[in-house]
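Both ligands and their constituent atoms are indexed starting at 1 by order of listing. Just so we're clear, the structure is a prediction, and the values are computed from it rather than from any experiment.
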Amino acid sequence: MSGLSVIEPATEQVLAEVPRAGVEETDAAVARAKAAYPAWRAVAPVDRAALLHSLAAHVAERHEELSRIEARNVGKPIADARAEIEMVVECFRYYAGAPERLLGQTIPVAGGVDMTFREPLGVVGLIVPWNFPLTIASWKVAPALAAGNTIVLKPAELTPLSAIELERIAVEAGLPEGVLNVVVGPGSVCGRRLVEHPDVAKIAFTGSTEVGRGIAAGAAATIKRVTLELGGKSANLVFADADIAAAAAAAPLAVFGNAGQDCCARSRILVERAALDEFMDALRGEVEGIRVGDPLDEETQMGPLVSAGQREQVASYVPDDAPVAIRGSAPDGPGYWYPPTVLAPVANDDRAAAEEIFGPVACVIPFEGEEEAVRLANETIYGLSGSVWTGDGARALRVARAVETGVVSINSNTSVRVSTPFGGFRQSGVGRELGPDALHHYTEVKNVFYATEEG
Ligand code: NAD
């Protein structure tokens, strides 16, 4: 195995060197997971629950260390990293309740008793991105383990450090060797091998829509199950009857949080024309006030982008003649910095409004009335999240139902909770993570008929 240099985005320095896996190491990890599967699925539900609680407790014990790893490796503010690791703990705790609640049904039939079971799938391949490395991994690892599967987890090459720690923590927490295996290497090699591997029953993938398409096509060869959590270009709909100050105060971090590298980023801010001036005035102060800087500074609200390549990509959406209406600050010197930037007014089909930028660039798109708002919100290939800001309760629900996305929030920009389903419509994905729904994606329904009639 050759080495992989892990870079710290805020300093551009090497943070760690880790071995780089290839096909051989991926196959070995699948073989370990396959060998561990029969014993793991046979662990009594109450004991599997206890092991998930133990995993949660061991992650909680290392909360600060893992938060710092994530802050340094991704370049995210330490306060955000702490909240994310808290969510990892919560996720393991939530799914610790699942092994004992994987209920089947009994179905009335002639001649006997019919019952259903939720069976684990076997070895599952989990492929995750760099923006929320351990958090997104936990959304997959926790329900997969709870349902009795064994795992090969492949983190993004840019941010493998927290997943490497999780593999160690799992063993410390008492999980049998081979139940959770981590493979660090290129997606085009290790990820692809997981997709092709005949002993992998399912791929749960979070990443770009482009790579997701290839995974769906590759999985077809072995009829693998897939869950895809892909890109987004979510709309934040602000009606003139909303609390405009509150909508403007909440809008910036709904795009610039995690430096815009968030699949749920409300990067299209649709504002009813009657409230446009008031909204832009309020937005200016909020954007200019965002504290961009050292991720390890407790006051920082936005860090650098994850890599030089990502910064280049983001900058390509803001050419010299772009309609930059508001620009925040960014430090000079080393680090992949990019200031929070608001483009306004923008047409919904402009490149910056149509494509996922995955950086701190927001587009403000004016609209007239509810019908146009919904039409513009839905004029995209994506369907992940979105928000509706209005003082009219009936409109709030009407618009929330009409927007074609997997998650919508009203008078709020929060999308993600451990106990509620998360995922996309259209080209934002297939399947749901979190909440009760995720378990269904890590089990198959088996129907058993038991004849009871004599003769
Ligand atoms: P990416 O698609 O480039 O990579 C994601 C993962 O897939 C990485 O681990 C990568 O190594 C692996 N990969 C790359 N090529 C592969 C291949 N051919 N076969 C198998 N695996 C392969 O995405 P990224 O740049 O790491 O993350 C950004 C993207 O992720 C954005 O589009 C964002 O919207 C999306 N995302 C979606 C969600 C969601 O829940 N919907 C959450 C976070 C990020």
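Scanning all protein heavy atoms for the shortest distance to atom 39 (C) of ligand 1 gives C263 SG, 3.2 Å. Closest to atom 17 (C) of ligand 1, if we only count protein heavy atoms, is G187 O, 3.4 Å. With hydrogens left out, the protein atom closest to atom 23 (O) of ligand 1 is S208 N, 3.4 Å, a heavy atom. Closest to atom 32 (O) of ligand 1 among all protein heavy atoms lies E356 OE1, 2.7 Å. Closest protein heavy atom to atom 28 (C) of ligand 1: F358 CE2, 3.4 Å. For atom 27 (O) of ligand 1, the nearest protein heavy atom (residue, atom name, distance) is P129 CB, 3.4 Å. In this structure, the protein non-hydrogen atom closest to atom 37 (C) of ligand 1 is L230 O, 3.0 Å. Of the protein's non-hydrogen atoms, I127 CG2, 3.6 Å is the one closest to atom 12 (C) of ligand 1.
Using a 4.0 Å cut-off between heavy atoms, L158 makes no contact with ligand 1 at all. With a 4.0 Å cut-off on non-hydrogen atoms, E157 touches ligand 1 through its side chain and not its backbone.
Where the criterion is an N or O separation shorter than 3.5 Å, residue side chain and backbone included, T206 fails it with respect to ligand 1. Looking at ligand 1, you'll find an N or O of K154 within less than 3.5 Å of one of its N or O atoms. The shortest N or O to N or O distance between F205 and ligand 1 is not below 3.5 Å. Between W139 and ligand 1, not a single N/O pair is under 3.5 Å apart. Taking only nitrogen or oxygen atoms, main chain and side chain alike, W130 reaches within less than 3.5 Å of ligand 1. Inclusion of V128 in the set of residues having an N or O under 3.5 Å from an N or O of ligand 1 is warranted.
Which parts of ligand 1 touch I136 is read off a 4.0 Å heavy-atom cut-off, strictly below it: atoms 42 (C), 43 (C). Atoms of ligand 1 found under 4.0 Å from any heavy atom of N131 (numbered from 1 in listed order, with element): 43 (C), 44 (C). For ligand 1 and F422, the ligand atoms under 4.0 Å from any heavy atom of the residue are 40 (O). Interface atoms of ligand 1 facing R192, defined by a heavy-atom separation under 4.0 Å, are 19 (N), 20 (C).
For the residue pair R432 / T420, no side-chain donor-acceptor distance below 3.5 Å is found, with atom types taken as modelled. For the residue pair N73/W130, the side-chain donor-acceptor check at 3.5 Å is not satisfied. A donor-acceptor pair shorter than 3.5 Å can be found between the side chains of T227 and K202. Residues T341 and R327 bring a donor and an acceptor atom of their side chains to less than 3.5 Å of each other. N348 and R268 form a side-chain donor-acceptor contact under 3.5 Å, judged by distance and modelled atom types alone. No side-chain donor-acceptor contact under 3.5 Å links R192 and T26. Checking S385 against S234 by side-chain atom types alone, a donor-acceptor pair falls below 3.5 Å.
Classification of R20 and E17 as a salt-bridged pair fails, no side-chain N sitting under 4.0 Å from a carboxylate O. The pair R93-E90 fails the salt-bridge criterion, with no side-chain N (NZ, NE, NH1 or NH2) lying under 4.0 Å from an Asp/Glu carboxylate O. Under the 4.0 Å criterion applied to side-chain N and carboxylate O atoms, R72 and E8 are assigned as salt-bridge partners.
A cation-pi arrangement is found for R351 relative to Y317, the charged atom lying closer than 6.0 Å to the ring centre and inside a 45° cone about the ring normal.
Within the 6.0 Å centre-distance limit, the rings of F239 and F367 are counted as a close aromatic pair.
Screening E70, E298, H63 against R82 for a side chain to side chain donor-acceptor pair (under 3.5 Å) leaves a single residue, E298.
Residue contact annotation: P155 has a non-hydrogen atom under 4.0 Å from ligand 1.
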